[in-house]
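Quick caveat: nothing in here was measured; it's all calculated off a predicted structure.
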Amino acid sequence: MCSFEKCWLNYACNEMSSKYAGIFKSIYSDFDGTVTGNTIAEIKEGFGIFFGKEPVLLEKQANMCDGIWLKQYEKSDNKAADEFEPGTEGYSIYYDGENQLIVVAASGENGVMYGVFELLRIIQSGRDICDINICHAPKMPIRMIDHWDNIMGDIERGYSGDSFFFKENEILFGDRTKAYARMMASIGINAITINNVNVHEVESYLITDRFLGMMKKYSDLFVSYGIKLYLSVNFASPMQIGGLGVCDPLDDGVIKWWNETSRHVYEVIPEFGGYLVKADSEGRPGPFTYGRTHADGANMLAKSVSPFGGNVVWRCFVYNCKQDWRDRKTDRARAAYDNFAGLDGQFDDNVILQIKNGPMDFQVREPVSPLFGAMKKTNMFLEVQAAQEYTGQQRHICYLVPMWKEILDFDTHASDRGCISEIVSGKAYGNRLCGMAAVTNTGDDANWTGHDFAAANLFGYGMLCFDTERSAQDIAAEWAACTFGIDKEIVDNVCRMLIMSWPAYEKYTSPLGIGWMVNPSDHYGPNVDGYEYDVWGTYHRADCKGVGIDRSAATGTGYAAQYNSPWRELYERVETTPEELLLFFHHISYDHVLSTKKTVIQHIYDTHFEGVEDVERMIGLWKALEGKIDAARFARVLERLTVQYESSKEWRDRINTYFYRMSGIADSKGRTIY
Ligand code: GCW
């Protein structure tokens, strides 16, 4: 048996198999190259399973019929959209019924590969080939995955086993690596950072000869799936591995060290993507030590890779993690904006700022980071977290695509095209280097993501980067069909479970935009005051009268004023703040009445009871599928749902009890609160 599963690439026969059995006998490709080689292998495998026979690769395209043609794109291949530019990664797919020919047309190898993967998903989810008429090009130019894998083999915030890249200071490479690259290509990923942004001692050497040979192997594999390899680097490398006394970005010796190091990296790996950097953040070294700005730091690195076409992805997760809880003015939420907004226009062309979706840290509910609306002359990535650090750690189902869609749809009002999706896709200001990055949720568990349902987040992330217009429901349905089969009840129930899961998680954990009520350090399970008096700057400020943080400009931390109008005015006032974020922006008394006519305290009680009931419903939906899903996966998911149920009750009881004791106000429905 295989030590890893195929997730959504689990090709299986369905009704289309008999309809088209034996028809697609041949493949012809206008392209050749390693990506095309993998694409053809994929067609052979998929079509072999779907239609019972592997198509054969033809040498000549002479009046081809009964097959699949990987074709150089021409205008006449656009049969679907009025305006369509395939670019280097887009494609059109259509079916020529007369000749029983499927055409996948693109301008480059990556486009053809993405087209073929979409075609296979279409067949796999039971849709009819004869209806295909598609023109697609990815919305996000760069679609990145960030691993937080450490070279010892553990994964920071990893919930699905150990790394499949590293083990005990060595690099792993094998079937699983290939299967992984294929899986990422199948969802359109074109950049992967394989090591943690927290770069410890040994990982610092990944850019040296000690490891570069293996990195080259990785890069070659990735390139054959259209993916660029990136590495996280230690800003203090000149000291850590270069023996210099400083890592000041304006120091000549430091500049020379990076120039030589990068030149050598590109000598070994000409296709190398570039560096990802976490600097001056949570104890990591950075330019602040030398009184330099983050533009100084990023540009110094960027100049070292720019002769070779490399990029520097620079994270904006920079904040004071040594705060005093009595200090009510320092606000962690303000930090990314305060540290970076003023630097707009100062970054080199090959620098991309990577900004977390919210101002805090991947909570179940946060406003969108105001930094996106503050910069017009800077390349930006939207960073999201598929790893469910604060959303149930892959023991709970929490389908994050609806959350990410809300973020992408958020209008920053920075310009006429101020939506996050327009900004980070480069459409708003015409930049080429931009896109999204997701902290991944994979590990060496057989099913890759621990919870089988967590794979929907990984799949969904890729789908969304490609097409931000697609609905979360549509993505869920395709994932369910490709993963568990096209049976209607399966797809319906799995979709319902996915779609209700984020709201459910929010209900039983976090009321009205308050986050962080988790156990410190591991971030799993409820602990209302876990971070309350700690140095990390993450407070709820609950007292006997009310709860929430005043972030208004008039009386609070001033965070609300970091937004463009009209958001700054809307967030400034209690009456106009969207209720799901009320306690993020304001300190509110427990008896404040919400639009639902409920008080804040009653809302807290009700949502916590409802959240648990939602989990019960999810269990019911899953149990209804017994016998339709293979026994092993059925049991695996049920086991995790049971864990989720127990945990949701604990959340409900701890949160409700805390606020009952704090406020002294009883539940109007008289339910058990301790
Ligand atoms: O809040 C933190 C996580 C860290 C992570 C950090 C980051 C990789 O708890 O584990 O470090 O975010 O995003 O850099």
Side-chain angles (χ1 to χ4, degrees), residues 157 281-283 317 319-336 356 358-367 385 388-393 505-552 555-560 574 577 580-592 599-601 603-605 607-608 611 647-665 673-674:
R157 313 302 175 190
S281 169
E282 301 185 329
F317 187 56
Y319 68 98
N320 174 2
C321 60
K322 298 253 174 351
Q323 208 183 312
D324 185 319
W325 62 272
R326 282 157 290 223
D327 165 10
R328 288 182 177 253
K329 276 294 169 194
T330 305
D331 179 5
R332 174 164 162 182
R334 294 184 53 118
K356 286 193 181 183
M360 299 301 275
D361 192 10
F362 303 132
Q363 302 300 293
V364 70
R365 173 72 65 178
E366 287 186 42
Q385 195 187 39
Q388 292 169 236
E389 177 177 358
Y390 295 97
T391 49
Q393 304 199 347
Y505 194 83
E506 182 175 14
K507 281 191 230 172
Y508 62 77
T509 58
S510 164
L512 304 169
I514 281 289
W516 297 104
M517 298 188 294
V518 289
N519 282 307
S521 79
D522 80 350
H523 299 165
Y524 185 77
N527 186 341
V528 182
D529 278 341
Y531 273 114
E532 198 53 17
Y533 301 97
D534 218 324
V535 292
W536 297 89
T538 51
Y539 311 116
H540 55 65
R541 306 281 190 206
D543 56 31
C544 63
K545 295 202 186 73
V547 53
I549 300 106
D550 183 355
R551 292 192 159 105
S552 68
T555 53
T557 69
Y559 168 76
V574 172
T577 298
E580 69 275 12
L581 288 169
L582 193 60
L583 303 181
F584 191 92
F585 282 99
H586 301 281
H587 188 83
I588 302 285
S589 67
Y590 295 115
D591 57 8
H592 172 87
T599 59
V600 165
I601 191 74
H603 173 92
I604 293 177
Y605 297 149
T607 48
H608 284 77
S647 173
S648 70
K649 285 191 289 186
E650 192 191 346
W651 272 98
R652 175 195 67 193
D653 293 340
R654 281 187 184 267
I655 303 283
N656 283 349
T657 298
Y658 179 94
F659 286 103
Y660 171 51
R661 291 179 187 174
M662 188 62 95
S663 69
I665 304 171
I673 297 178
Y674 300 97

Tested for side chain to side chain donor-acceptor pair (under 3.5 Å) against H586, the lone hit among T577, T555, D550 is T577

Where do R661 and Y674 come nearest, in terms of heavy atoms and distance? NE-O, 3.5 Å

Closest approach of Q388 to T391 (non-hydrogen atoms, all atoms of both residues): NE2-O, 2.9 Å

Let me know which of N656, I655, T599 forms a side chain to side chain contact (heavy atoms under 4.5 Å, CB included) with Y605. N656

Start with the C-alpha gap between W325 and E532, add the side-chain angles, then the distance that decides, and say whether side-chain contact (heavy atoms from CB on, under 4.5 Å) holds. CA-CA 7 Å; W325 62 272; E532 198 53 17; over 6 Å; no

Give me the atom names and distance for the closest heavy-atom approach of T557 to R328. CG2-O, 3.5 Å

side-chain hydrogen bond (donor to acceptor under 3.5 Å, both in side chains) partners of R365, counting only residues at least two apart: E406, E506

Pair up each side-chain donor or acceptor in residues 510-519 with any protein partner under 3.5 Å, not counting sequence neighbours, and list the distances.
from, atom 1, to, atom 2, distance (Å)
S510, OG, I514, O, 2.2
N519, OD1, N527, ND2, 3.0
N519, ND2, Y524, O, 2.9

Measure across Y508 and W651 and return the closest heavy-atom pair with its distance rounded to 0.1 Å. O-CB, 3.1 Å

Got more than 12 heavy atoms from elsewhere within 6.0 Å of NZ, K329? yes

CG on D529 to OH on Y539, rounded to 0.5 Å: 12.0 Å

Start with the C-alpha distance between L583 and H540, add both sets of side-chain angles, then the distance that settles side-chain contact (heavy atoms from CB on, under 4.5 Å), and finish with yes or no. CA-CA 8 Å; L583 303 181; H540 55 65; over 6 Å; no

Pair M662, V547 - check side-chain contact (heavy atoms from CB on, under 4.5 Å), show working. CA-CA 10 Å; M662 188 62 95; V547 53; over 6 Å; no

Please work out whether the ring planes of Y531 and H523 are parallel, tilted or perpendicular, with thresholds of 30° and 60°. tilted

Main-chain N/O of Y390 paired with Q363 side-chain donor or acceptor, under 3.5 Å: no

Can you name the ring-ring contact (aromatic ring centres under 6.0 Å, His included) partners of H603, sequence neighbours left out? none

Run the side chain to side chain donor-acceptor pair (under 3.5 Å) check on D653 and H608 step by step: do they pass? CA-CA 8 Å; D653 293 340; H608 284 77; over 6 Å; no

Shortest non-hydrogen separation from R551 to D331 and the atoms involved: NE-OD2, 2.8 Å

